Amino acid sequence: MITVLYFAGLKEKTGTDKEEFVFSGKTVKQLLEELQRKYEGLADGIIQVAINEEYALLDDIIHERDTIALIPPVSGG
């Protein structure tokens, strides 16, 4: 089981700030593809992914009990 955290606009797109599901031994890219299928347009709003509070690359492997943070662009003004 992994935990996926959604922030800001991603929370609005998914309707939740957190969800847990079975997903391990696959890459960050595969997770984003799966979430894109589940929530249309979600991946378009993600600029960074972190695994256990460390920035991740698309080919990084996700392990059981990891916490994945999906980080949207930040606007300022």
Side-chain angles (χ1 to χ4, degrees):
M1 192 76 72
I2 65 168
T3 302
V4 178
L5 305 175
Y6 303 101
F7 295 97
L10 301 178
K11 187 170 24 177
E12 294 170 10
K13 288 182 179 180
T14 61
T16 185
D17 61 347
K18 175 174 70 173
E19 71 179 321
E20 296 181 330
F21 55 94
V22 175
F23 190 95
S24 65
K26 297 180 184 176
T27 65
V28 169
K29 182 178 179 183
Q30 289 172 309
L31 174 65
L32 294 177
E33 290 169 348
E34 185 164 319
L35 293 174
Q36 175 70 29
R37 284 190 291 274
K38 186 173 181 179
Y39 304 108
E40 186 173 331
L42 179 75
D44 298 337
I46 299 170
I47 62 164
Q48 194 62 261
V49 176
I51 300 175
N52 302 324
E53 300 183 9
E54 300 265 340
Y55 286 119
L57 301 174
L58 291 176
D59 59 349
D60 284 349
I61 301 295
I62 296 170
H63 301 283
E64 183 76 14
R65 292 188 294 270
D66 278 348
T67 298
I68 313 300
L70 302 182
I71 304 162
V74 177
S75 63

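The structure displayed is predicted, hence computed values, not measured ones.
At a threshold of 4.5 Å between non-hydrogen side-chain atoms, the residues M1 and R65 do not count as touching. The closest side-chain heavy-atom distance from L32 to V49 is below 4.5 Å. At least one side-chain heavy atom of L31 sits less than 4.5 Å from a side-chain heavy atom of I62. Contact of the F7 side chain with the L70 side chain is not registered, since no non-hydrogen atoms from C-beta on lie closer than 4.5 Å. At a threshold of 4.5 Å between non-hydrogen side-chain atoms, the residues L35 and F21 count as touching. Here the side chains of F23 and D66 are not in contact, with every heavy-atom distance at 4.5 Å or above.
Counting non-hydrogen atoms of other residues, nucleotides and ligands closer than 6.0 Å to CD of E64 gives a total above 12.
Remark: E40 engages no residue in a side chain to side chain contact (heavy atoms under 4.5 Å, CB included) (not counting sequence neighbours). The side-chain hydrogen bond (donor to acceptor under 3.5 Å, both in side chains) check on T27 picks up Q30, with sequence neighbours excluded. Residues passing the side-chain hydrogen bond (donor to acceptor under 3.5 Å, both in side chains) test with D60: none are found, sequence neighbours excluded.
Membership of the apolar cluster around Y55 extends to I71, as traced through chained side-chain contacts below 4.5 Å between ILVMFWY residues. Grouped by direct or indirect side-chain proximity (heavy atoms under 4.5 Å, Ile/Leu/Val/Met/Phe/Trp/Tyr only), I61 sits alone.
For the atom pair CG of N52 and OG1 of T67, the computed distance is 5.5 Å after rounding to the nearest 0.5 Å.
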Going through the distances and angles, do L42 and L10 end up as a side chain to side chain contact (heavy atoms under 4.5 Å, CB included)? CA-CA 7 Å; L42 179 75; L10 301 178; 3.7 Å; yes
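Residue pairs meeting the salt bridge (charged side-chain N to carboxylate O under 4.0 Å, His left out) criterion with at least one member in residues 10-38, sequence neighbours excluded, are E19-K38.
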